[in-house]
2 protein chains.
Amino acid sequence: MIKPRSRRGGGRPTIADVARKAGVGAITVSRALREPERVSEELRRQIQAAVDELGYVPDPNARALASARAEVFGVLVPSLTNNVFAEVVRGIYDSLSASPFRIQLGNTHYSGLEEERLLQVFGSQRPAALIVAGIDQTPTSRKLLESAGCPVVQVMETGPDPVDMMVGFSHLDGGRTATEHLIEAGYRRIGFIGARMDPRSQRRLAGYRAAMEAAGLFDPRLVTTTPVLSSVSLGREMLRDALAKVPTLDGVFCNNDDIALGVLFECHRASIAVPKTIGIVGFNDLDMMQVAFPSITSIRTHRYEIGRRAVAMALAAIAGNRPEQRIVDLGFELKRRESTAR
Amino acid sequence: MIKPRSRRGGGRPTIADVARKAGVGAITVSRALREPERVSEELRRQIQAAVDELGYVPDPNARALASARAEVFGVLVPSLTNNVFAEVVRGIYDSLSASPFRIQLGNTHYSGLEEERLLQVFGSQRPAALIVAGIDQTPTSRKLLESAGCPVVQVMETGPDPVDMMVGFSHLDGGRTATEHLIEAGYRRIGFIGARMDPRSQRRLAGYRAAMEAAGLFDPRLVTTTPVLSSVSLGREMLRDALAKVPTLDGVFCNNDDIALGVLFECHRASIAVPKTIGIVGFNDLDMMQVAFPSITSIRTHRYEIGRRAVAMALAAIAGNRPEQRIVDLGFELKRRESTAR
DNA sequence: CTGCGTAATGGTAGCGCTACCATTTTCGCC
DNA sequence: GGCGAAAATGGTAGCGCTACCATTACGCAG
């Protein structure tokens, strides 16, 4: 004898309830919701009415299980509070808000191991796409990405060897451009100040070094770095360190804008004239750079656009028309401002 | 005749594969992974070996479907780039990284309608808990939260009528404290400058107003607000507006630190002495406040801690011991700095 | 030696949905 | 008018897991 066991799931309406009410088969309801064009006008209306009346919402878990594919984008970034990644993530969210896709956001804390762990967890959900920051995945992570069975977009940087697709720009070129600008403006003892030396910062440093060497100005003592997470207060301290090492310092290319702002404040505090005595260049061009007094020269990067573009490429790939241009370089822009106007 | 149809899901090992390899029943594998203490030492080891060898990772979708409960925390915040919420979210992520729970993060863009939509989407997943920013949900949202069938924590604010639990502080008291500090420091024509006037900002304004009225100093022309999203550059513009309306302005309580920083920069640019001619107080106490020149007085709020506490309360509730203190006020702290040291 | 509580394990039947394969209906065209 | 193809709809059998009940093994009181 079959016991009509009471529903395990708290009694929410299921697709079968909708089907019954609309007088159609369950599969037709399923289709009406996912591929409306394959269901006749009339049934579609009947089904919609039943859905509305019952307040039916499809269970994404059951969907994922049955179709072996979850409507989820996995997104991995190294930091949630760093405005740069927050902007990328915002771009991703905005591009996906009108779609059925949900977002699974992971924070790697700049750790390769944590990235591997999260990739493992995300992969187990059979995501529709994966978006990861950076191009320096560990071999294990790379393998996980390659075997994920979904489109993968690496963002923030471009490089020669994408797992699948890439959207970003060259941090090396950015660093070089910033440094060349200082050199052209007449600065000579130009320091590099960098916190949280992740791979992208390393490449900006490499760009700095290339420019300095090309001009015959490079001196290792001009480089000040720390693995500590960057912050405005750290910028202040690091300028002091840099000046202690090289009192004749007359310019700084900062790893990022937080550091640059800290440097500016320390200059105010120590009555160092900007741009006269010291020139300052930041990186990323946060809103505050143009408002600062004096306004700060920076490399404008297109974070929000990177997020949007990554989603667009992933969606195209999901739809079956993988973009022929797999590596998209969104470039950057040197914003000349008062802090280097000597 | 039964066709041994090839596996739909890309051939990843399932719990049945593990069970076969370990020579036990599937249900025992399930138990070994979820409640190891209920399985004998020996089988546990055998099963673990099989799991490792096959590289088995449980499918969270199947789990959620079978148990009618997903291991997901739904988190709703109004903005991803606002550092304040980014910190809360970071606290949540850090507290949950060692647990099996995933996080579903939603961005409401300060919109009640969008919040309702996301709540609907999140609810359909049967999350383990919901964390939402603010206490001003629409009636529909509130109903959705009440019927979610899981612990709910409202964060950032405290109020009299929690859906379930609350962690935050009083924005009204914060606004009052900031304003009283300016009054005590001797400022009289104290303005309020606020962007993005969400409910929390409204309450900070109410606190400002209460303090000003108590001192007999209130004047509606001192209040300058805009619904535009706050930014440093907006702070600069708004100070200009405020000064145009009230040239005798001698202090400003800013909605938040971005605005305060913009105000400071504008003072520099217009050669207005801080704190002598104008005193400035911010809100939230971002890192840069203490580094700014002059350093800026602000109300320190405990964002990261709010995130951690919210998770701790939710986890306790899930475990069955709902905290007896359902409303947790984490308070705030007035950080006196140079910008109000007259 | 029986009876019975407890611990350890397993079988069965779904959870709510969709892939896959019918089946039915419609329609254009010779 | 008949036929094949295409469009519209439905049935069945899972997806991979766990809730809910057995069932077995074991220890101990009576």
Side-chain angles (χ1 to χ4, degrees), chain A residues 1-20 22-47 51 54 56-71 100 123-126 149, chain B residues 1-20 22-47 51 54 56-71 100 123-126 149:
Chain A
M1 194 179 110
I2 295 158
K3 264 185 280 181
R5 148 155 67 167
S6 73
R7 281 255 189 75
R8 283 216 293 237
R12 294 192 333 185
T14 74
I15 203 168
D17 298 327
V18 177
R20 207 170 310 120
V24 299
I27 192 67
T28 305
V29 174
S30 175
R31 266 198 290 260
L33 295 173
R34 290 177 302 134
E35 324 168 78
E37 70 285 358
R38 297 210 9 192
V39 173
S40 71
E41 172 76 28
E42 194 192 328
L43 281 195
R44 224 181 319 169
R45 242 176 316 121
Q46 261 170 259
I47 291 171
V51 165
L54 293 171
Y56 169 73
V57 182
D59 181 331
N61 299 120
R63 261 194 179 169
L65 184 58
S67 62
R69 198 40 79 197
E71 290 188 312
S124 72
Q125 293 180 73
R126 307 166 180 279
Chain B
M1 193 178 109
I2 295 160
K3 264 186 278 181
R5 150 153 67 165
S6 73
R7 281 256 188 74
R8 283 216 294 236
R12 294 192 334 185
T14 72
I15 203 167
D17 298 327
V18 176
R20 206 170 311 119
V24 299
I27 191 70
T28 305
V29 175
S30 175
R31 265 197 291 259
L33 296 173
R34 289 176 304 134
E35 324 167 79
E37 71 285 358
R38 296 211 9 194
V39 174
S40 72
E41 173 74 29
E42 195 193 329
L43 282 195
R44 225 182 317 169
R45 246 178 312 123
Q46 261 169 258
I47 291 170
V51 165
L54 293 172
Y56 169 74
V57 183
D59 182 330
N61 299 119
R63 262 196 180 168
L65 184 58
S67 63
R69 198 40 79 196
E71 290 188 313
S124 73
Q125 295 181 68
R126 307 164 181 281

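Chain A is the first sequence line, chain B the second, and so forth, proteins listed ahead of strands; every chain is numbered from 1.
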Expressed in angstrom and rounded to an integer, what is the separation of B/Arg45 atom CZ from C/dA8 atom C1'?
-> 16 Å
If every non-hydrogen atom of A/Thr14 is compared with every non-hydrogen atom of A/Tyr56, which pair is closest and at what distance?
-> C-CE1, 3.5 Å
Could you walk me through whether B/Gln46 and B/Leu43 pass the side-chain contact (heavy atoms from CB on, under 4.5 Å) check?
-> CA-CA 5 Å; B/Gln46 261 169 258; B/Leu43 282 195; 3.8 Å; yes
Mind listing the residues from residues 29-41 of chain A sitting with a heavy atom below 4.0 Å of DNA chain C? Number order is fine.
-> A/Ser30, A/Arg34
In terms of side-chain heavy atoms of A/Ala66, which of C/dC17, C/dA19, D/dG16 is nearest?
-> C/dC17
Filtered N/O pairs between nucleotides 22-25 of chain C and protein, under 3.5 Å:
none

Donor-acceptor pairs under 3.5 angstrom involving side-chain atoms of residues 57-65 of chain A: please list them, not counting sequence neighbours.
from: A/Asp59; atom 1: OD1; to: A/Asn61; atom 2: N; distance (Å): 2.7
from: A/Asp59; atom 1: OD1; to: A/Ala62; atom 2: N; distance (Å): 3.3

Closest to the side chain of B/Val24, out of D/dC15, C/dG10, D/dA19, is C/dG10
Might you point out which heavy atoms bring B/Arg69 and B/Gly149 nearest each other, and give the distance in Å?
-> NH2-O, 3.0 Å
For residues 22-36 of chain B, please give each side-chain donor-acceptor pair under 3.5 Å, one per line with the distance, not counting sequence neighbours.
from: B/Ser30; atom 1: OG; to: B/Arg34; atom 2: NE; distance (Å): 3.2
from: B/Ser30; atom 1: OG; to: B/Arg34; atom 2: NH2; distance (Å): 3.0
from: B/Arg34; atom 1: NE; to: B/Ser30; atom 2: O; distance (Å): 3.4

According to a strict under-4.0 Å criterion, is A/Thr28 in side-chain N/O contact with OP1 or OP2 of D/dT9?
-> no
Find the bend of the helix from C/dC1-D/dG30 to C/dC30-D/dG1 as the angle between its two terminal axes (five pairs each), to the nearest 10°.
-> 40°
To the nearest 0.5 Å, tell me how far A/Ile15 CD1 sits from A/Leu54 CG.
-> 12.0 Å
Atom CD1 of B/Ile15 and atom P of D/dA19 are separated, to the nearest Å, by 11 Å
Roughly, in whole Å, what's the span from CZ in A/Arg44 to C1' in D/dT9?
-> 14 Å
What's the CZ-C1' distance between A/Arg126 and D/dG16, to the nearest Å?
-> 9 Å
Hey, are the side chains of B/Arg20 and B/Asp17 touching, using non-hydrogen atoms and a 4.5 Å cut-off?
-> yes
When rounded to whole Å, the CG to P distance for the pair B/Asp59 and C/dG16 reads 17 Å
With a cut-off of 6.0 Å (strictly less than), are more than 12 heavy atoms of other residues, nucleotides or ligands near CD of A/Glu37?
-> yes
For A/Gly123 and B/Arg12, work out which heavy atoms get closest and say how close.
-> O-NH1, 3.4 Å
B/Arg63 atom CZ is separated from C/dC17 atom C1', nearest whole Å, by 20 Å
Nearest to side-chain heavy atoms of B/Ile27, which nucleotide of D/dT9, C/dG10, C/dT18 | C/dG10
Mind checking what makes salt bridge (Lys or Arg N to Asp or Glu O under 4.0 Å) contact with A/Arg45, not counting sequence neighbours?
-> A/Glu41
Check the distance between C/dC15's C1' and B/Gln125's CD and give it to me in whole angstrom.
-> 16 Å
Find out whether A/Ser67 and A/Arg126 are in side-chain contact, i.e. whether some heavy atom of one side chain is under 4.5 Å from a heavy atom of the other.
-> no
Between A/Asn61 (CG) and D/dC17 (P), how many Å, whole number?
-> 13 Å
